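Presented below is the structure to which this report refers.
Because the structure is a prediction, the values reported are computed rather than measured.
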Amino acid sequence: MAQQKGSNVKILMGFESTFGTAATDGYSLYVNPPVSLSPNRPPQQPATLRGNRNPVTPFFGNLDIGGDINIPIDSTMMAYWLKCMFGDPTTTGTDPYTHEYKIGDTMPSFTFEEGFEDLATNEYIRYVGCKVSRFSMSVGGDGELVATLGVLGADYSIETSAFDATPTEPSFTRLYNSQATVTEGGSAAGDLTSFDIAVEFGLDPDIYPINSQGARGSLPEGQVAVTGNIKGLFKDVTLLTKAKNQTETSLKVTIQASSSSIFEVEIQELKFQERMPSIDGPQGLLVDLDFSAYYNDGSEASAIVARVTNSLSSL
C-alpha cells in the first residue's frame with residue numbers, strides 16, 4: 001500500500017458563499033511546510049461512579065479546528081490569501097493591476113482542502129468555515145521569504161473527490177528578501193536589518209450552537225490588532241527619540257521584482273515602545289523597537305494597507 005508523500009499533497013482553497021458550506025470554485029495554491037491545520041476534539045473523562053474503579057466511556061466536547069498555513073511570498077497567489085484576510089480589494093491600473101486591501105467590517109470564509117492522491121484510493125481532508133485569525137511575516141536576512149497564517153475552521157470531512165476537479169491555477173511569481181526596501185516616516189530606512197509584523201484579526205472562536213454537533217457555528221470578527229518590531233544599526237538616536245517622545249511615525253515595506261510584480265505593506269500611523277539598545281558584547285549595537293499601529297486620521301483609513309501588483313485583472 002502506497003504511503004502519501006508531502007511533496008504530492010494537492011492544496012485547494014475556495015471562497016464560500018455561505019459560512020461552513022464548501023466552496024465550489026477552487027484555487028490551486030502553493031504552501032510551505034509545516035501545514036498544521038487539524039481538528040482537535042480530545043476525549044474527556046466523566047466523573048460517573050458505578051461501583052468499581054474502572055473508567056467509564058469517555059465523551060467528546062466541542063470540535064476545535066485550527067493551525068498554521070505557511071505560504072511563500074509572491075505577487076500573484078498572495079492576492080488570494082490577502083482576500084481571505086481583508087475581503088475584496090480595490091483594483092486599479094491596466095496590466096499591471098494594483099490590488100489594495102484594507103481592514104473592513106467583515107472577512108470572507110473559505111474552504112481549505114488537502115488532497116492525498118498517493119494512496120490506494122484518493123482521499124481529501126476538507127475544512128469548511130475557515131477564516132484567518134492571524135498573519136505574521138518577517139522581512140530581512142537571506143532566508144526564504146514566507147508568511148504564516150493562523151487559521152480557524154468550523155468543521156471538516158474526509159472526502160473521496162476534490163470540491164473542484166478543475167481548479168484555477170494562478171501563476172507563481174516569487175519575491176525575495178533581497179528585493180525589499182523599507183521607509184520610516186517617509187524616508188528610506190537603509191540601516192534597518194529586520195521588519196516583523198503581526199496582525200490579529202480578533203475572531204471569536206467560541207460560538208458553538210447546541211444543534212451543531214460540536215462544530216463552530218460562526219467566527220465573528222472583532223477588533224484588529226497590528227503590532228511588530230524593527231531592528232537596525234545603532235548609528236544615531238532618531239528612532240529612540242521618537243520612542244521616548246511617543247512621536248507618531250509610519251513604516252512601509254516594498255518587495256519588488258519588477259514593475260508588474262510587487263508586494264507592499266504600509267502602516268501610516270504607529271508608535272514605538274520605549275527601549276534603549278542592549279550592550280550584549282563588543283560587536284556593533286542594534287536598535288530594537290516594538291511598535292503598535294492604529295488608525296486615527298491616516299489618509300488610507302486603515303491601520304494596515306496591503307498591496308499587490310500583478311497581471312490579474314480581478315479576483
Side-chain angles (χ1 to χ4, degrees), residues 11-31 69 71 73-113 127-137 147 149-154 163-164 167-173 175 197 199-204 218-226 252 254-255 260-268 293 295 298-315:
I11 299 297
L12 283 187
M13 187 277 290
F15 296 102
E16 297 175 348
S17 298
T18 302
F19 178 85
T21 298
T24 55
D25 296 324
Y27 301 93
S28 178
L29 301 178
Y30 295 175
V31 296
I69 301 172
I71 57 173
I73 297 296
D74 83 315
S75 59
T76 305
M77 291 189 180
M78 193 67 194
Y80 298 95
W81 294 119
L82 289 170
K83 182 175 176 177
C84 290
M85 293 180 263
F86 298 100
D88 290 324
T90 299
T91 299
T92 57
T94 53
D95 199 7
Y97 303 90
T98 297
H99 311 278
E100 184 175 77
Y101 303 80
K102 299 180 181 181
I103 297 171
D105 293 333
T106 61
M107 298 169 63
S109 65
F110 60 93
T111 299
F112 184 81
E113 185 176 271
Y127 299 95
V128 297
C130 296
K131 289 187 178 182
V132 177
S133 62
R134 188 176 192 272
F135 167 83
S136 61
M137 181 180 71
L149 307 181
V151 174
L152 296 175
F163 71 83
D164 186 351
T168 299
E169 298 187 14
S171 62
F172 179 72
T173 312
L175 296 170
I197 188 167
V199 184
E200 298 281 352
F201 289 96
L203 302 183
D204 183 352
S218 64
L219 281 166
E221 300 85 358
Q223 192 171 59
V224 176
V226 183
K252 181 166 69 173
T254 303
I255 309 157
S260 59
S261 179
I262 307 171
F263 173 48
E264 183 173 81
V265 174
E266 180 179 8
I267 301 171
Q268 287 194 319
Y295 163 60
S299 61
E300 295 288 354
S302 182
I304 183 171
V305 181
R307 304 179 185 93
V308 284
T309 299
N310 54 41
S311 61
L312 297 173
S313 60
S314 62
L315 298 176

* **Residues forming a ring pair (Phe, Tyr, Trp, His ring centres under 6.0 Å) with Phe135, sequence neighbours excluded** => none
* Are the side chain of Lys131 and the backbone N or O of Leu203 linked by a donor-acceptor pair below 3.5 Å? -> no
* Taking side chain as C-beta onward, heavy atoms only, is Leu175 less than 4.5 Å from Ser261? -> yes
* Could you tell me the separation between the CD1 atom of Ile69 and the CG atom of Leu149, rounded to the nearest 0.5 Å? => 6.0 Å
* To do: Please check if the side chain of Ser28 supplies one atom and the backbone of Glu169 the other of a donor-acceptor pair under 3.5 Å.
  => no
* **Atom of Val308, atom of Ala79 and distance for their closest heavy-atom approach** => CG2-CB, 3.9 Å
* Of all heavy-atom pairs between Asp164 and Leu12, which one has the smallest distance, and what is that distance? -> O-CD1, 3.6 Å
* Side chains of Glu100 and Thr92, donor plus acceptor under 3.5 Å -> no
* To do: State which residues pass side chain to side chain contact (heavy atoms under 4.5 Å, CB included) with Phe172; sequence neighbours excluded, sorted by chain then number.
  => Tyr30, Pro72, Asp74, Met77, Arg174
* Please test Glu16 against Thr111 for side-chain hydrogen bond (donor to acceptor under 3.5 Å, both in side chains), starting from the C-alpha separation and ending with a verdict. => CA-CA 7 Å; Glu16 297 175 348; Thr111 299; 2.8 Å; yes
* **Euclidean distance, Trp81 CH2 relative to Phe86 CZ, rounded to 0.5 Å** => 14.5 Å
* Backbone of Gln268 reached by a side-chain donor or acceptor of Glu300 within 3.5 Å -> no
